[in-house]
Every structure is written in structure tokens, then in C-alpha cells.
Amino acid sequence: MKVLLDLIVGDPQADRSVPQTGMTARLTLFVSAVMAFLAVIALAVSLTTNRVASLWAEDLAESATLRLPADPVTADALLLSALDVLETTPGISSVRALSQDEQQALLEPWFGPDLPLDALPMPQLIEIVADGDGYDVDGLRARLTAQVPGAILDDHTAWREPLLGAASRVRLIGWSVILLIGATVAAMITLAAQAALAANVQVISVLRLVGAKDAYIARAFVRRFTLRAGAGAIVGVVCGALVLLVAPQGDAAGGLLLGVGFEGAEWILPLLIPLLAAIVAFFATRTAAFRRLREQT
Amino acid sequence: MIELDNVSYGYGGNALFSQVSLTLAPGSFHFLTGPSGAGKTTLLRLCYADLRAMKGKVRIFEQDAGALDRDAVAMSRRRIGVVHQDCRFLDHLSIAENIALPLTVSGRANEAAGNLQELLNWVGLAAQAHQLPPELSGGERQRAALARAVIVSPDVIIADEPTGNVDWDMSQRILSLLIELNKMGKTILIATHDLTMIRAAKSDVSARILRLSDGQILQAGAEL
Ligand SMILES: Nc1ncnc2c1ncn2[C@@H]1O[C@H](COP(=O)(O)OP(=O)(O)OP(=O)(O)O)[C@@H](O)[C@H]1O
Ligand SMILES: [Mg+2]
């Protein structure tokens, strides 16, 4: 904290000993702002994907469907024994056999409204909702095979896994983008610092001749670039946050692209971006400055 | 204080001088003369570790200059006041700030206030304190450089042509400033072409006069 405060307050004398360069200052601010803006968006996409994917996965994990064979003779008996098995399974909070109308509604998008359902052998569907802890899927399967021949339990694993896989890939891409942005900021600051050092060869040699240590000279540059990168990043984060707030917000669970943004404690993360930018700038400038000073007598 | 022991130096392969030895005892006063291009400035730069000897040893305050790290070089510069031939100021800072620079960079800026006014009066630059270096005349710049060299109260003062740009009166004033410093116990080394100044100094101070030419350093004096 003290180091940070010292850096922000700085040594006005040391700072004055190196002349200001308007061009590098403005460019550093600009690039840092743009990079911070992009980082905010990448972070928001990554976090939103995470949130939406886990919501979906949770929904899918909580519900399952039991399908009974379409045999008009045994249908009623099978339904009764299936309900019996399900109701005595711990971890299942509700069980409901879908009505004819509901089943018809499910088929309508595929076959149209005029489907003569009564004339067709239809498998009976039972909707199962698990409670928070879930139930023993394999155990339930075994009991169903024994007591309800032909019943098929679909616990939605087939849907959940590719969904979670896709979400984790989006998250990975998001974090890679953020890392690349960090590396770009480091590279850009290094270039800008080198330009500033090269422009001040005479100043540096005079400071050395009057007894300045490398650390003293480096500090003037380090302070400048750290503050510029931090300030630029603040501007970028504010712009990014405004864009996210102003952008149309859909139902977070529904449309991923519409709902991009931060929720609750997640807002702390974008606030860390300026700090990170400053830290990256601090080390990039310091490294560039010391290397340069060692090369110059 | 500073010792050169069989030192050789040259730029780009050909030796400028070789096997040159020189000892600056505490409180001594030396003049270094010689033709232009003989290597006077080069020799002085070796004395404040701005250059490293190619052969031989340079000792600065009992330390081997070749073995000093960068921070140690900076520390030794704080004990050596240098008036450079081309003055070397920071052109974006005022004369007062330039003179106070050695204090500023060693974290002693708070000591500058009282000292600085006194020094400005001593070198006659009180009126120019807030001007920028490029706005000063050559002689004014040289006096400012002298003031900057002495502000940290160094043990050794090395002056390269301190009277190169000034008239007779002013060179007498600068010389008497340096003699005054020597009387206070400072070790002084001055490179100069100005033989009249050396002659003028002889009555006030017991100075050794060295002549650098053809890569050799010789005790001079008889011909003056
Ligand atoms: N940085 C350098 N690179 C290459 N050659 C140099 C460099 N500095 C000086 N020289 C050469 O070394 C020689 C001695 O230079 P130096 O400045 O030491 O001479 P000097 O005795 O101080 O001369 P003057 O009386 O004109 O100031 C000159 O021939 C000069 O051209
Ligand atoms: Mg010279």
C-alpha cells in the first residue's frame, strides 16, 4: 500500500528531471484504455457463459423423463407400477404423468396440430423432478428394469455434457483473450518506455554524471507509465461497463448474447483491471529502464 | 583521493595514451595542460569513472574503479564535483534547478534552499536563477556548471576548461573560487589551455602542473 501511495504521489523533483513526452503519453493512455475495454467485454462474455451454462445444466440435472412402452394392453398397469417405483425413490421430489394434451403439444411442432393421437400407440411420458441432492440414477434404473419392463429413463446427460463442454470452451477462449490482452499491454508499454528512454539519452547521461542511481532514473519513467496505463485502463473499464449496462439485457438464462454482463460480486473483477494494467506497466517499464540504463554508460 | 596507475586508453583501437600515472593527494591542486586532442578530457573522464581504463588501474577513494558497480559509481560521483567542458545541463530545468540537481538526485533536495541562494550569489547568477540554460551566455553557463559541481560539497573538484568561454576578469574570478575551495581542503584538478591563468594561480596556490602530449604525461612548470 505504501509502495503504491509513494508511486502515485511520487517524487515531484525526480519526475521533473525527465521531460514530458506528449505523444507517447497520449498513445499509452489510448492503447491502455482500448485494451481495458476489450478485457471488460471478454471478461463479461466469459462470466456470463459460465453463469448461463450452469443454470441450464442445473435445470437439466434436476429433471428427467421416464418413457413407458406404447402398448395399449399393459399401459395402465405399467403406469401404476412406474409411479409406485418413482414415489418410493429417495431424492425425487415430484413425479407427474403427462396428459394426452401435453404430449400432443410436445409433438405438434413435428407433426402439426391435426395428429390423430387417439388412433396411434403413444408412449406415456412421466416427468421426474429431483430435489437438491438428486437420486441414485443407476439404482433407479435397476429397479425399473425389474418392475416396469420396457421403461426408459432419460436423465438428460446426453444434453448436459456437450453443453457444459461448449461453455468451458467459451470460458477458456475468454481467459485466453484476457491473457493476450495483458501480454499486448506489456509489449506496448515496453515499446513506449523504450521510445521514451531513447528520446532522453542526454538527460539520462546528465543525471548519471551528477550521481543519480539507476533506480532513481528508472523511477521517473516507471511512475509515468504506471499511472498512464492505470488511468487509461480506468477510462476503458468505465466505457466497457457503460456499454454493458446500456446494451439490451435479455433473460440471462435465455439468450446468452443479450444477457452479457456482470452480476453482484462479479463487478469486482472489472474493477481489478486498472490495477492489473498498472502492475503490468510497472514491471514492463522497470525491466525496460534497467536494461537500457545498463547498456548506456 | 584519485590515482591512475599505468593507465592506457584509446578510442577505436588506437591508443590515445598509455602507461599514464597520476596521483591526486587530498588537498592537492593540479593543472593539466596539453595540445587540443591530446586526451585531457579523456583523462578526466577516467578520473570520475565515466570511462574505464583499458589497461592499468584507476583508484577512486581507495576503490578499484574497474570493479565498481553502477550504484557505487553513482555514489563516488557524489563526492566528485565535475565541471564539464560542454557544461551538460538539463535544458528543460531552470539554472537554479540544474545547480541543485546533484542534491536532488541524492535525495537531499531539502538541503538545497539555503545553500543554493548563497552559491548563486557566489557565482554571480542570482538574477539568472530562473532562466533556462540555453538562455545563458557561455561564461554564465560555465559559472553555473561550477556551482553545480560544488553544491554537494565534494571532496574532489574536476574542472575541464572552466575558463574556456570567459574573459580575463571572469576567469580570474573562477580561478579564485577554485583556489578558495582548495584552501577549504578540496582536491582540485583543472584541465586548461590557459597558461596565463596557470601563471596567475602560481602566486596564490602551490599547484602541480602536468602536461599531456604524445600519449605521455610530464611534470611541467619550468617553462612557465
Ligand atoms: N567519444 C569519442 N569517440 C571517439 N573519439 C573520441 C571520443 N572522445 C574523444 N575522442 C578523440 O580522442 C582524442 C582526445 O580527445 P579529448 O577530448 O580527450 O582531447 P582534449 O585534450 O580534451 O582536447 P581539447 O583540448 O580540445 O578539449 C581526440 O582526437 C578526439 O577526437
Ligand atoms: Mg577537452
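Chain naming here is simple, since letters A, B, ... match the order of the sequence lines and numbering starts at 1 in each.
- Between B:Phe89 and A:Val206, the shortest heavy-atom distance links the atoms O-CG2, 4.1 Å.
- Residues A:Lys213 and B:Ala74 share a closest heavy-atom pair of CG-CB, 3.8 Å.
- In this structure, A:Arg286 places its CZ atom where only 12 or fewer heavy-atom neighbours from other residues, nucleotides or ligands lie under 6.0 Å away.
- Checked by atom type and distance alone, the side chain of A:Arg208 pairs as donor or acceptor with a backbone atom of B:Arg70 at under 3.5 Å.
- Under a cut-off of 6.0 angstrom, the local environment of CD in B:Glu135 is crowded, with over 12 non-hydrogen atoms contributed by other residues, nucleotides or ligands.
- Heavy atoms of other residues, nucleotides or ligands lying less than 6.0 angstrom from CE of A:Met23 number 12 at most.
- Residues B:Leu101 and A:Leu207 meet the side-chain proximity criterion, which asks for heavy atoms closer than 4.5 Å.
- Contacts between A:Leu209 and chain B at a heavy-atom distance below 4.5 Å involve backbone atoms as well as side-chain atoms.
- The nearest pair of heavy atoms linking A:Gly211 to B:Arg77 is CA-CB, 3.8 Å.
- The contact list for residues 193-204 of chain A toward chain B, using heavy atoms and a distance under 4.5 Å, reads A:Gln202, A:Val203 by residue number.
- With a 6.0 Å radius and a threshold of 12 heavy atoms from other residues, nucleotides or ligands, B:Lys55 has its NZ atom at or below the threshold.
- Heavy-atom minimum distance, A:Asp214 versus B:Asp71: N-OD1, 4.1 Å.
- Using a 4.5 Å cut-off between heavy atoms, B:Arg52 does not touch chain A at all.
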